[in-house]
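Take a look at the structure set out below.
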Amino acid sequence: MRLSNLYLPTTKEAPSDASLPSHIFLSRAGFISQVASGLYNFLPLGKKVLKKIENIINEEMEAIGAQEVELSFVTPAELWQESGRIEKFGKELLRFKDRKENLFVLGPTHEEMMVNLVRNKVTSYKQLPLHLYQIKTKFRDEARPRFGLMRGREFLMKDGYSFHANVEDLDREFNAVEEAYKKVLTRLGLNFRIVEADSGAIGGTGSKELMVLADSGEDTIAVCSKCEYGANIEAAKRSERLDIPEAPQAQFNKFLTPDVKSIEDLSEFLKIDSYYTVKAVAKRLVFEDRTEIALFFLRGCDSLQEKKAQSVTKAIDLVDVDESELEAVGLIAGFMGPLDQDKVKYVIDADLYEAKNMICGANEKDYHFVGVDMLVLNDAFFADIVEVKEGDGCPYCDGTLSYTKGIEVGHIFKLGTTYSKVLKAEFLNERGQAEPFIMGTYGMGVSRLVAAIIEQHHDENGCIWTKESAPYMVNVMVSNVKDEAQLALGEKLYADLKANRVEVVLDDRKERFGFKMKDAELVGYPYTIVIGKELENGMVQIFERTTSSKEDIKAEKILDVIMDRI
RNA sequence: CGGGGUGUAGCUCAGUAUGGUUAGAGUACUUGGUUUGGGACCAAGGGGCCGAAGGUUCGAGUCCUUUCACCCCGACCA
């Protein structure tokens with residue numbers, strides 16, 4: 001492609017509403033342009049990058065035997081009513097009616113559609129396993145789209161669905177997809193981490209997220225300093241604490257603690273480590289048809305992980321409560337404890353199981369219990385509801401955990417029979433009995449990957465595309481197109497590279513050197529060959545974008561050198 | 001959905017507190033000339049329903065009301 005023909009509107013200034021590097025540079029370099037909130041056009045170079053990523057995904061999916069299909073974007077609302085997700089998705093589902101007043105939605109994900117595609121057609125265990133996928137536009141009417149391509153309303157996603165006769169086979173496929181996804185991200189040149197995730201709302205037995213590490217990531221993940229362990233903060237676990245402080249010695253007793261309400265005050269007042277205090281966190285649980293207040297008890301030194309709390313209580317949402325709401329149900333803020341408390345339901349953090357010498361609220365103003373043995377509560381509901389902190393121990397080795405930020409570019413689920421059951425998608429097993437499919441679902445955000453690549457690979461001058469993601473590998477830049485020798489060599493090199501199947505552009509625009517160089521850096525071609533005034537001495541230059549280094553090469557050798565590099 | 005902010009040329013923004021010639025700059029664009037190794041220079045041009053609707057006024061980009069859009073923080077996010 002000649003840059004004199006390419007539609008590549010680069011700008012010196014970023015659009016005023018862009019804040020992230022990926023948004024700024026993809027806009028400035030003419031890859032995308034915004035249409036409305038969360039909606040973007042892809043210009044020629046942007047489209048080219050999308051195709052690159054799609055091709056890599058297709059190759060890796062082909063390698064594990066997944067088959068590409070394409071489902072319709074507009075989907076009948078009936079399917080969503082059948083699965084019950086029309087309510088669950090709420091306003092994120094964009095709905096509309098056709099001329100016959102039939103209700104449709106724009107597909108935000110395609111579990112229903114895919115199950116519908118195979119049910120009553122795949123009817124025997126002999127036809128399993130089956131893994132179908134597509135790369136297709138999705139639409140989710142997000143409450144707050146933001147950060148350019150990172151969180152759009154319309155976006156390109158690869159979504160795959162596998163069907164199995166048993167759990168072992170799902171496990172095998174799940175692992176195969178994980179490996180394939182690793183290959184995709186590795187080929188794209190990304191620094192990433194696979195982390196354990198909360199599989200909460202969608203259900204199933206496990207899920208993992210693929211996180212591209214970047215400061216601008218929206219997710220916090222806990223990673224181990226020594227081993228491969230990583231988890232979304234919403235699902236992260238930790239080892240048992242080793243440096244346990246000295247326990248306070250006290251007989252079980254009710255103790256006067258006037259006006260001592262916070263954990264900090266309590267440990268100060270009693271001169272004990274907050275490890276031995278019991279913190280009470282009150283939340284209002286929201287369910288489909290009702291709400292109720294519940295208490296969560298943890299060690300005073302820990303804090304509540306709301307997503308975990310939400311999962312164990314099966315609530316749709318958790319909201320904060322104030323003191324008056326607590327009073328209304330007979331709870332006394334600052335003195336709430338699990339003992340002698342039957343006003344509301346409560347969950348105790350698993351770390352408190354069998355804990356001794358604890359201090360907790362007595363559910364009576366100005367009193368705490370001391371010397372509490374949590375074993376007396378062993379009928380209570382214990383669950384992991386704690387949020388891991390930086391410095392906590394890794395659950396799998398002796399390393400420590402620290403936080404980092406990640407961009408979620410993929411999420412793989414072991415779905416089980418969640419959808420096949422409600423949608424009555426069944427097959428006959430070897431004994432002739434009907435069983436619902438065991439399913440897996442695997443998503444990868446293609447347009448988000450475009451942004452993620454730039455978040456991880458840019459500098460103050462613009463994009464730095466990795467080799468497998470670059471829209472063009474080589475930019476042949478003719479410094480001065482009025483110089484016939486320069487232009488002739490540029491044309492020849494351009495033709496030679498094309499003949500060698502290299503993706504190449506020729507910068508034959510009537511612009512000055514500085515302008516072209518700035519553009520080359522902004523767009524981020526991995527290699528720019530500068531044919532300029534040194535040609536008089538038989539030399540040209542290779543500019544490498546990753547290092548910003550320039551290297552003089554003899555003009556007659558340039559083709560060999562560049563072919564060797566790429 | 002709560003809180004905050006911004007809408008003026010293709011883009012980035014002045015101008016709005018205190019209403020008053022024909023609404024400005026930079027950049028981009030067109031034409032001619034000079035230039036040609038880090039977003040050149042000179043000259044001449046084209047380009048605006050001042051987000052929209054209503055109102056106040058002799059007069060509104062500027063004041064009032066309503067509304068729409070976009071951005072940021074939060075809530076939300078299979």
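All chains are named by letter (A, B, ...) in the order of the sequence lines, taking the proteins before the strands, and each is independently numbered beginning at 1.
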- Which comes earlier along RNA chain B counting from the 5' end, the contact point of A:Arg144 or that of A:Leu318, where each point is its nearest nucleotide? A:Arg144
- Going by heavy atoms closer than 4.0 Å, what residues in residues 453-464 of chain A are next to RNA chain B? none
Let me have the donor-acceptor pairs involving side chains of residues 142-152 of chain A, under 3.5 Å, with sequence neighbours excluded, atom names and distances please.
from     : atom 1 : to       : atom 2 : distance (Å)
A:Glu142 : OE2    : A:Arg151 : NH1    : 3.2
A:Arg151 : NE     : A:Glu218 : OE2    : 3.1
A:Arg151 : NH2    : A:Glu218 : OE2    : 3.4

- Message: Strictly below 4.0 Å, N to O, side chains only: are A:Glu521 and A:Arg545 in salt-bridge contact?
- Response: no
- Query: So, A:Glu460 and A:Lys518, do they make that salt bridge, N to O below 4.0 Å?
  - Reply: no
- Using salt bridge (charged side-chain N to carboxylate O under 4.0 Å, His left out) as the criterion, list what pairs up with A:Lys283, not counting sequence neighbours. A:Glu306, A:Asp320
- Item | For RNA chain B, the dot-bracket pattern of Watson-Crick and G-U pairs whose distances stay under 3.5 Å, | for other-strand partners | (((((((..((((......[...)))).((((((.....)))))).....(((((..]....))))))))))))....
- For residues 522-536 of chain A, which residue pairs qualify under salt bridge (charged side-chain N to carboxylate O under 4.0 Å, His left out), counting only residues two or more places apart or in two chains? none
- Message: Using the ring centroid of each side chain, check whether A:His131 and A:Phe163 are separated by less than 6.0 Å.
- Response: no
Is there any protein nitrogen or oxygen under 3.5 Å from a nitrogen or oxygen in nucleotides 26-35 of chain B, and what are the pairs?
from  : atom 1 : to       : atom 2 : distance (Å)
B:U35 : O2     : A:Arg512 : NH1    : 2.7

- Message: If the condition is side chain to side chain donor-acceptor pair (under 3.5 Å), which residues does A:Asp519 pass it with, not counting sequence neighbours?
- Response: A:Thr10, A:Arg509
- Note on the structure: By salt bridge (charged side-chain N to carboxylate O under 4.0 Å, His left out), A:Lys136 pairs with (sequence neighbours left out) A:Glu70
- Query: Do the charged groups of A:Asp507 and A:Arg2 touch, with an N to O distance under 4.0 Å?
  - Reply: no
Please output the side-chain donor-acceptor pairs of residues 11-19 of chain A that fall under 3.5 Å, not counting sequence neighbours, one pair per line with the distance.
from    : atom 1 : to      : atom 2 : distance (Å)
A:Thr11 : OG1    : A:Glu13 : O      : 2.9

- Sequence neighbours excluded, the answer for salt bridge (charged side-chain N to carboxylate O under 4.0 Å, His left out) partners of A:Glu68 is none
- Query: What is the distance, rounded to the nearest whole Å, between atom CG of A:Asp519 and atom P of B:G37?
  - Reply: 17 Å
- For the ring pair A:Trp465 and A:Tyr525, is the centre-to-centre distance below 6.0 Å? no
Might you list the N or O atoms of the protein lying below 3.5 Å from N or O atoms in nucleotides 42-52 of chain B, with each pair's distance?
none

- Excluding sequence neighbours, so at least two apart, what forms salt bridge (charged side-chain N to carboxylate O under 4.0 Å, His left out) with A:Glu556? none
